[in-house]
Amino acid sequence: MPVTAKICGLSTPATLDAAVAGGASHVGFVFFPPSPRHVTLDQSAGLAARVPDAVGRVGVFVDPEDALLDQAIAAARLDAIQLHRATPERAAAIGARTRLPVWAAVAVKTRTDLETAHAFRGAAQRILYDAKTPEDAKLPGGMGLRFDWTLLQDFSHPLPWALSGGLDADNVAEAAAISGARLVDVSSGVESAPGVKDKDKIADFLKTVASL
Ligand SMILES: O=C(O)c1ccccc1NCC(=O)[C@H](O)[C@H](O)COP(=O)(O)O
């Protein structure tokens, strides 16, 4: 089975085009003002218009209000909602209201953290295993942190899932081999500075993923 990739936190037409040209299966737009990758509704609309139908548009949110979700879904014509710091109850309510697939981010540092994923069965359609960020960090993702990929070995996944956290062109093959991931997600590993995506790094990452 091939490995596919989501390039997260895109905010410029040139880097979005690089992700699409390189074969990304999904692109992610971050709707969270404290993030250096935050896009406005207008920006997201312009970016979304460049995305072919075959590529999934994923909106990334941190415990969002309904109003923001509605505005972002309409502006960026989202295909899926990625939720960070949301309870299973809130994830289920968002899925029921928006009728879009929900990707629940599960922050992982230990094996015990993984068990959280089970609570999302019936409430989300996909789990995104991401590295747990420090309690005082302003962002729950996009910090280039990785977790121990061996934790995912022999884990009984409750839902389809993706691997995230600290991936880059140099380690994604090892990460996929160890974890068994068939969908990988990257943000800072294809940047030259926080929030600044790099077309060449995107191309390198996607080339490596295509070879797996
Ligand atoms: O990327 C952000 O700035 C961000 C902000 C708020 C919530 C989530 C965010 N990113 C989520 C992602 O899907 C990232 O791709 C994921 O955390 C991996 O990031 P990285 O370790 O930098 O590749």
Open item on the list: M143 vs S188, test: side chain to side chain contact (heavy atoms under 4.5 Å, CB included). Steps then yes/no.
Closed with: CA-CA 7 Å; M143 294 188 62; S188 50; over 6 Å; no

Task: Pair D66-R97, side chain to side chain contact (heavy atoms under 4.5 Å, CB included): steps then yes or no - done: CA-CA 9 Å; D66 285 346; R97 212 178 63 79; 3.3 Å; yes

Open item on the list: F155 vs H118, test: ring-ring contact (aromatic ring centres under 6.0 Å, His included). Steps then yes/no.
Closed with: CA-CA 11 Å; F155 182 64; H118 288 286; 5.3 Å; yes

Task: Full working for side-chain hydrogen bond (donor to acceptor under 3.5 Å, both in side chains) between D113 and T110 - done: CA-CA 5 Å; D113 296 325; T110 66; 3.3 Å; yes

Task: Step-by-step side-chain hydrogen bond (donor to acceptor under 3.5 Å, both in side chains) determination, D185 to S164 - done: CA-CA 5 Å; D185 172 278; S164 191; 2.8 Å; yes

- [ ] Apply side chain to side chain contact (heavy atoms under 4.5 Å, CB included) to V108 and L152, showing your working.
- [x] CA-CA 10 Å; V108 181; L152 292 170; 6.0 Å; no

- [ ] Tell me, with the steps shown, if L163 and F147 meet side chain to side chain contact (heavy atoms under 4.5 Å, CB included).
- [x] CA-CA 10 Å; L163 176 66; F147 65 93; 3.5 Å; yes

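Cluster annotation: I178 is not connected to L183 through the hydrophobic network of ILVMFWY side chains, with a link wherever side-chain heavy atoms come within less than 4.5 Å. Hydrophobic clustering (ILVMFWY, side-chain heavy atoms < 4.5 Å, transitive): I94 and F120 are in one cluster. Placement of V60 and V62 within a single hydrophobic cluster is found when ILVMFWY residues are connected by side-chain heavy-atom separations under 4.5 Å, directly or transitively. If you chain together hydrophobic residues whose side chains sit under 4.5 Å apart, V196 and L206 never meet in one group. In the hydrophobic clustering of ILVMFWY residues, with side-chain heavy atoms under 4.5 Å counting as a link, V55 and L78 come out together.
Among all heavy-atom pairs drawn from I7 and V190, the shortest one is CG2-CG2, 4.2 Å. Nearest heavy atoms, L212 versus A176: CD1-CB, 4.1 Å. Residues V39 and S11 approach most closely at CG1-CB, 3.7 Å, considering heavy atoms. Of all non-hydrogen atoms in A76 and F29, the two that sit nearest each other are CB-CD1, 4.3 Å. Closest of all the heavy-atom pairs between C8 and V30 is SG-CG2, 4.4 Å. The shortest heavy-atom contact between D168 and F205 is C-CD1, 3.5 Å.
To the nearest 0.5 angstrom, D130 atom CG is 8.5 Å from L145 atom CG. If you take CG on L151 and CZ on R111, they are separated by 7.0 Å, rounding to the nearest 0.5 Å. Distance NZ/K132 to NZ/K109: 8.0 Å, rounded to 0.5 Å.
Residues I81 and P101 fail the side-chain proximity criterion, which asks for heavy atoms closer than 4.5 Å. Here the side chains of T4 and V209 are not in contact, with every heavy-atom distance at 4.5 Å or above. At a threshold of 4.5 Å between non-hydrogen side-chain atoms, the residues D63 and L83 do not count as touching. Counting heavy atoms from C-beta outward, L159 and R126 have side chains that stay 4.5 Å or more apart. Between R146 and N171, the closest side-chain pair of non-hydrogen atoms falls below 4.5 Å. At least one side-chain heavy atom of I202 sits under 4.5 Å from a side-chain heavy atom of L10. Counting heavy atoms from C-beta outward, R182 and V3 have side chains that approach closer than 4.5 Å. In this structure, the side chains of R37 and L139 come closer than 4.5 Å at one or more pairs of heavy atoms.
Between the side chains of K197 and S187, at least one donor N or O sits under 3.5 Å from an acceptor N or O. For D148 and T150, the side-chain atoms include at least one donor-acceptor pair closer than 3.5 Å. Side-chain atoms of T208 and S211 form no donor-acceptor pair, as typed in the model, at a separation below 3.5 Å.
Annotation: Y129 is in aromatic contact with H157 [ring centroid separation under 6.0 Å]. Taking the centre of each ring, W103 and H84 stay at or above the 6.0 Å mark.
Between F31 and F61, the ring-plane angle classifies as parallel under the 30° and 60° cut-offs.
Formation of a donor-acceptor pair under 3.5 Å by the Q82 side chain with backbone atoms of G59 is not found in this model. Side-chain atoms of S35 never come within 3.5 Å of backbone atoms of F32 as a donor-acceptor pair (strictly under, hydrogens ignored).
Checked against salt bridge (charged side-chain N to carboxylate O under 4.0 Å, His left out), D79 has the following partners two or more places apart in sequence or in another chain: R57. Residues satisfying the salt bridge (charged side-chain N to carboxylate O under 4.0 Å, His left out) test with D17, not counting sequence neighbours, are R50.
In E65, the CD atom is not crowded: 12 or fewer heavy atoms of neighbouring residues, nucleotides or ligands sit closer than 6.0 Å.
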